[in-house]
Number of protein chains: 2
Amino acid sequence: MGRASPPYSFGKPPMSLAHVILGLLQQQERTGYDLKTKCFDDCISHLWQADQAQIYRTLDKLESQGWITCNVEIQHDRPNRKVYRITEAGEAELTHWLQTHHPLPVLREPLLVQLYFAAQLPNEAIVYLLEQELEARQEKLAQCETIEALSLSNPTASREQKLHRLVLDLVKQREQTYLDWLEKAIATIRSQST
Amino acid sequence: MGRASPPYSFGKPPMSLAHVILGLLQQQERTGYDLKTKCFDDCISHLWQADQAQIYRTLDKLESQGWITCNVEIQHDRPNRKVYRITEAGEAELTHWLQTHHPLPVLREPLLVQLYFAAQLPNEAIVYLLEQELEARQEKLAQCETIEALSLSNPTASREQKLHRLVLDLVKQREQTYLDWLEKAIATIRSQST
DNA sequence: ATCCTATATATGATTAATCATATACTAGCA
DNA sequence: TGCTAGTATATGATTAATCATATATAGGAT
C-alpha cells in the first residue's frame, strides 16, 4: 500500500521533472504559467531548468496519472487559467520519491572534451576557450547570488529555508571549484611552451 | 571556406558525441566496438559516457556526413569489423568545433531536488539520503583514481598527457567538493531538532 | 496606427539518450 | 551437453528535452 498499483507506464525510475512539479504543487496550487515564470525561472533555476512546453506536457501526464487535479478558472480580460493542485496519491508518490536514492546524473561537459583533445591547438586558442568558460561560469555564479538575495535574504531561518540554503551552498561551491580550476588551468597553459 | 556548405541537417550546435568520436578517431582508426570498450568505458568514462547503440548510430551519421570513412575488415573466426577513419573534412570540422565556445551544460541533480523539498521528512530520512549519495560519490571518485592509475601513471608528460591531467583534476575536485559538502550537510542535519 | 510585452495554453518536429533485443561465431568451462 | 563470456554490429521502442510556432486578449509605448 501507499502507492498506486503497478501499471504506471509513465516514465519509470527518474521522471524527475514530474517530481519537481509535484514538490512545487505541494507548496501551493499553481498554473503551468506560474510554474514556469515564478518557480522555474525565478526560484529554482539553479536547481532545475525546464522548458515551457515540457512543463505543460508533464502536467497533462501528472493529471492522467491522478497525481494532480485541475480546476479551470474563467477569466474575461485574459486567457483562462488551469490551476493544478496535488492529490493524496500525488503526495504519497512525492513522499516516496523523496526518500528514494537515484543514480548520479551523467555529466557531459563540452569544455572538458575540448581540453582533452586540444593538444593540436596553439596555447592561445586553449586559453581563449578557458577564458570564455570562465566568463560564463562567473555569470552563473552571479545568477546564484541573485537567487540568494531574492529568496534567502530574510533572517527567518525555517527548516525549509535551511534546506534551500544547503542546496544553494553546493551549487555556489561547485561554481567556485570550477572558477578556481579555470584560473589555475589558464596559468598552467600560459606558462607552457607551445 | 574550411567547413562544408550549409545543408548539414545533422544535429546543429552541440552534437558533442559526434565530436568526441571525431577526437578519438583522430588519435587512430577504430571500430564501434573499440570505441565503446577501449575508449568510452576504459579511458574517458569520467568525461563522457556513451551507449553502444548511440555510438553505432552516430558513426552512421558521421559517415553519411563525410567526416569519417569506413573500411570493412573481413574476419572468418569472428564477425567482420568496420574500421572507421577520420577524413580531411572531419579533421576540419573537429578543429573548428574544438575552438568554439559551447553553452554550459544544464545540470539536473535529483538529490538537490530531494533536499530542496525535504522539509516534510524526518531528519533520519534526510541523513539516509545524504549518506547514500556520499557512498555513490566516493565510488565515483575511486573510479577517477582507477583511470588516473591506468592512463596517467607513467612519468612521460607529453602535451597531451598534461591536458588529460588537467581534465582529470577538475573531475576529481568536483567530486571532492561534493564529498566535503555532503559531510557538512550530514553534520548540519544531525545537529538539528526535527 | 502599429508594435511590443505580459498573460496563458498547446502542438509539431526533432535530437539525444537509454533500454531491450537480435544475430552470429568462437572458446572455455562445468 | 549446455552455459557463459567475448567479439561485433544493428534495429525498434521509448523518454526527456529543446525549439519553433500558433492562438488569443489587454494594455502601454512609440
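Below, read A as the first sequence line, B as the second, and so on, with proteins coming before strands; counting in each chain starts at 1.
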[X] [atom1] - [N] [atom2] separation (whole Å):
{"X": "A:Asn71", "N": "C:dT9", "atom1": "CG", "atom2": "P", "answer": "12 Å"}
{"X": "A:Gln65", "N": "D:dT15", "atom1": "CD", "atom2": "P", "answer": "12 Å"}
{"X": "B:Leu107", "N": "D:dA17", "atom1": "CG", "atom2": "P", "answer": "13 Å"}
{"X": "B:Leu17", "N": "C:dT18", "atom1": "CG", "atom2": "C1'", "answer": "13 Å"}
{"X": "B:Met15", "N": "D:dT18", "atom1": "CE", "atom2": "P", "answer": "18 Å"}
{"X": "B:Ile74", "N": "D:dT7", "atom1": "CD1", "atom2": "C1'", "answer": "16 Å"}
{"X": "A:Ile55", "N": "C:dA8", "atom1": "CD1", "atom2": "P", "answer": "14 Å"}
{"X": "A:His102", "N": "D:dT15", "atom1": "NE2", "atom2": "P", "answer": "18 Å"}

Are [X] and [N] close enough that a side-chain N or O sits under 4.0 Å from OP1 or OP2?
{"X": "B:Gln54", "N": "C:dA16", "answer": "no"}
{"X": "A:Tyr56", "N": "C:dT9", "answer": "yes"}
{"X": "A:Lys61", "N": "D:dT15", "answer": "no"}
{"X": "B:Arg108", "N": "D:dT18", "answer": "yes"}
{"X": "B:Gln75", "N": "D:dA8", "answer": "yes"}
{"X": "A:Arg81", "N": "C:dA8", "answer": "yes"}

Quick one: side chain to side chain donor-acceptor pair (under 3.5 Å) partners of [X], sequence neighbours excluded?
{"X": "A:Asp180", "answer": "A:Gln176"}
{"X": "A:Thr87", "answer": "none"}
{"X": "A:Glu145", "answer": "none"}

Once salt bridge (Lys or Arg N to Asp or Glu O under 4.0 Å) is applied, do any residues pair with A:Glu29, and if so which ones, sequence neighbours excluded? A:Arg85
Run the side chain to side chain contact (heavy atoms under 4.5 Å, CB included) test against B:Glu63 and tell me which residues pass, sequence neighbours left out. B:Ile68, B:Cys70, B:Tyr84
Sequence-distant partners of A:Ile186, side chain to side chain contact (heavy atoms under 4.5 Å, CB included), two or more places apart: A:Val127, A:Leu130, A:Glu131, A:Leu134, A:Arg190
Consider side-chain hydrogen bond (donor to acceptor under 3.5 Å, both in side chains). Of B:Glu109, B:Gln138, B:Gln173, which one does B:Tyr178 pass it with? B:Glu109
Please list, in numerical order, the residues of residues 22-40 of chain B that have a heavy atom closer than 4.0 Å to any atom of DNA chain C. none
Is there a donor-acceptor pair closer than 3.5 Å between any side-chain N or O of B:His102 and the backbone N or O of B:Thr100? yes
Can you see whether A:Gln65 engages A:Glu93 through a side-chain donor-acceptor pair at a distance of less than 3.5 angstrom? no
Taking only residues two or more places apart in sequence, or in another chain, which ones meet B:His46 in a ring pair (Phe, Tyr, Trp, His ring centres under 6.0 Å)? none
What nitrogen or oxygen pairs link the protein and nucleotides 20-23 of chain D at under 3.5 Å?
none

Contact nearer the 5' end of DNA chain D, comparing B:Tyr84 with A:Ala50: B:Tyr84
